[in-house]
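FYI, the numbering just counts along the sequence from 1. One-based numbering, in listed order, for ligands and for the atoms of each.
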Amino acid sequence: MNEIKDKSIAVFLDELASKAATPGGGSAAAVMGAQSAALTSMVCNLTIGKPKYAEVETDMQALLDKSEALRAKLTEMIKADVEVFDQLMTCYGLPKESDEEKAARSEQIQAALKEATIVPLDCAKACAEAIRLSRIAADKGNLGVISDAGVAVMAGYAALKSAALNVYINAGSLKDRDFADAKLAELESILQGADIASEEIYQLVKEKL
Ligand SMILES: Nc1nc(=O)c2c([nH]1)NC[C@@H]1CN(c3ccc(C(=O)N[C@@H](CCC(=O)O)C(=O)O)cc3)C=[N+]21
């Protein structure tokens, strides 16, 4: 098996750059989110066990458990996005000669669009969590690697806004407006306050440098 998560960064980027439809922006968003979680984990791993940081040891261990679970989730989403977008492209390629074919194709496209909306929405949710976790790393982490907590927040914010764009583009093509509106409302609640929070965390880090 040659899973996308097992590919080298160089190969992944070559495939991202190519004219192949996948991996696309949805997978790139998941990678950014996974990098955010990984950087929070890195700050934890470089804080835990240091006598100078004994006071935050328990908090850092709890944070590490969460950031590692989140990293695994976001890593899975790299592949999940490839799968839903490949499926959508397959549906667009279905025959559309007869009225029957047209109706069947449209129905399949709509079903695939729903899946291609749900995956980046879940990704956005995970990225909002990555931002929240980065604040704890920025607050309590080893000052020697605190800039990495800042990279974690910016990666998480880029990932969140990127995942949101994938929700917007797919929701815009959905005919089931009740479904689309529900997903868009959910997205707005996820995005709520993330810009201010991210800037605050960034400044919190910058003030420690
Ligand atoms: N969950 C999700 N993940 C995405 O990565 C994602 C997405 N949703 N929604 C839409 C955007 C945009 N995007 C495209 C990638 C390649 C072509 C592409 O290959 N286009 C061909 C046409 C291909 C054809 O018609 O067969 C072309 O322009 O020549 C198009 C669009 C991925 N996105």
Side-chain angles (χ1 to χ4, degrees), residues 1-38 70-131 154-192 194:
M1 207 186 332
N2 192 12
E3 282 212 32
I4 191 162
K5 69 176 168 61
D6 298 320
K7 289 183 176 174
S8 71
I9 292 172
V11 167
F12 173 78
L13 292 176
D14 281 346
E15 291 180 359
L16 190 59
S18 79
K19 62 182 179 184
T22 58
S27 291
V31 171
M32 290 180 224
Q35 287 194 97
S36 173
L70 193 61
R71 179 163 72 92
K73 195 185 215 178
L74 282 156
T75 302
E76 280 304 307
M77 287 177 181
I78 305 168
K79 179 173 97 176
D81 203 83
V82 165
E83 288 173 352
V84 290
F85 200 70
D86 275 343
Q87 177 62 22
L88 181 58
M89 294 304 265
T90 300
C91 294
Y92 276 119
L94 289 171
K96 46 178 178 177
E97 298 293 316
S98 66
D99 286 353
E100 263 180 11
E101 282 177 348
K102 277 183 201 160
R105 176 177 176 271
S106 170
E107 201 175 309
Q108 294 218 49
I109 288 172
Q110 289 299 316
L113 271 172
K114 285 185 179 178
E115 295 305 317
T117 300
I118 291 167
V119 169
L121 181 62
D122 284 346
C123 182
K125 221 177 287 177
C127 294
E129 171 75 357
I131 293 170
M154 295 320 294
Y157 187 59
L160 171 60
K161 298 283 278 189
S162 305
L165 291 175
N166 285 280
V167 175
Y168 292 137
I169 191 169
N170 296 332
S173 301
L174 279 169
K175 290 181 181 163
D176 182 348
R177 294 317 301 166
D178 287 344
F179 178 95
D181 290 343
K183 298 303 171 195
L184 289 169
E186 203 181 324
L187 178 62
E188 288 321 301
S189 86
I190 291 165
L191 289 170
Q192 186 85 41

Out of all atoms in ligand 1, which are within 4.0 Å of some heavy atom of Asn170? Include the element for each. 1 (N), 2 (C), 7 (C), 8 (N), 9 (N), 10 (C)
Ignoring hydrogens, just give me the one of Asp81, Thr22, Val82 whose non-hydrogen atom is nearest atom 3 (N) of ligand 1. Asp81
Quick one: which of Leu74, Asn166, Asp81 gives a side-chain contact (heavy atoms from CB on, under 4.5 Å) with Cys123? Leu74
Under a 4.0 angstrom heavy-atom cut-off, which atoms of ligand 1 come close to Gly26? 3 (N), 4 (C), 5 (O)
Does CD belonging to Glu107 count more than 12 external heavy atoms closer than 6.0 Å? no
For the side chain of Thr75 and the backbone of Arg71, is there at least one donor-acceptor N/O pair under 3.5 Å apart? yes
Is it true that, when you exclude Glu188 itself, more than 12 heavy atoms of the residues, nucleotides or ligands shown sit nearer than 6.0 Å to its CD? yes
Here the atoms of ligand 1 under 4.0 Å from any heavy atom belonging to Gly24 are 5 (O)
Under 3.5 Å: N/O of Ala116 near N/O of ligand 1: yes
Check Glu15 with Lys7, please: is the shortest side-chain N to carboxylate O separation under 4.0 Å? yes
Hey, is atom 25 (O) of ligand 1 under 4.0 Å from any protein heavy atom? no
How close do Lys161 and Leu191 get, heavy atom to heavy atom, and via which atoms? CD-CD2, 4.5 Å
Indicate whether atom 21 (C) of ligand 1 is within a distance of less than 4.0 angstrom of some protein heavy atom. no
Around Gln192, counting heavy atoms of other residues, nucleotides and ligands shown, do more than 12 lie under 6.0 Å from its CD? no
Examine distances only and state if a side-chain atom of Ser189 and a backbone atom of Glu186 form a donor-acceptor pair shorter than 3.5 Å. yes
Going by the closest heavy atom to atom 14 (C) of ligand 1, which one wins out of Tyr168, Phe85, Tyr92? Phe85
Is the number of heavy atoms from other residues, nucleotides or ligands under 6.0 Å of Lys73 NZ greater than 12? no
So which bit of Val119 gets within less than 4.0 Å of ligand 1, heavy atoms only: side chain, backbone, both or neither? neither
Atoms of ligand 1 under 4.0 Å from any heavy atom of Gly25, numbered from 1 in the order shown, are 5 (O)
Atom 4 (C) of ligand 1 sits nearest the protein heavy atom Asn166 OD1, 3.3 Å
Using a distance threshold of 4.0 Å (strictly less than), state whether atom 8 (N) of ligand 1 has a protein heavy-atom neighbour. yes
Heavy-atom proximity to atom 17 (C) of ligand 1, best of Met89, Met77, Glu115, Glu83: Met89
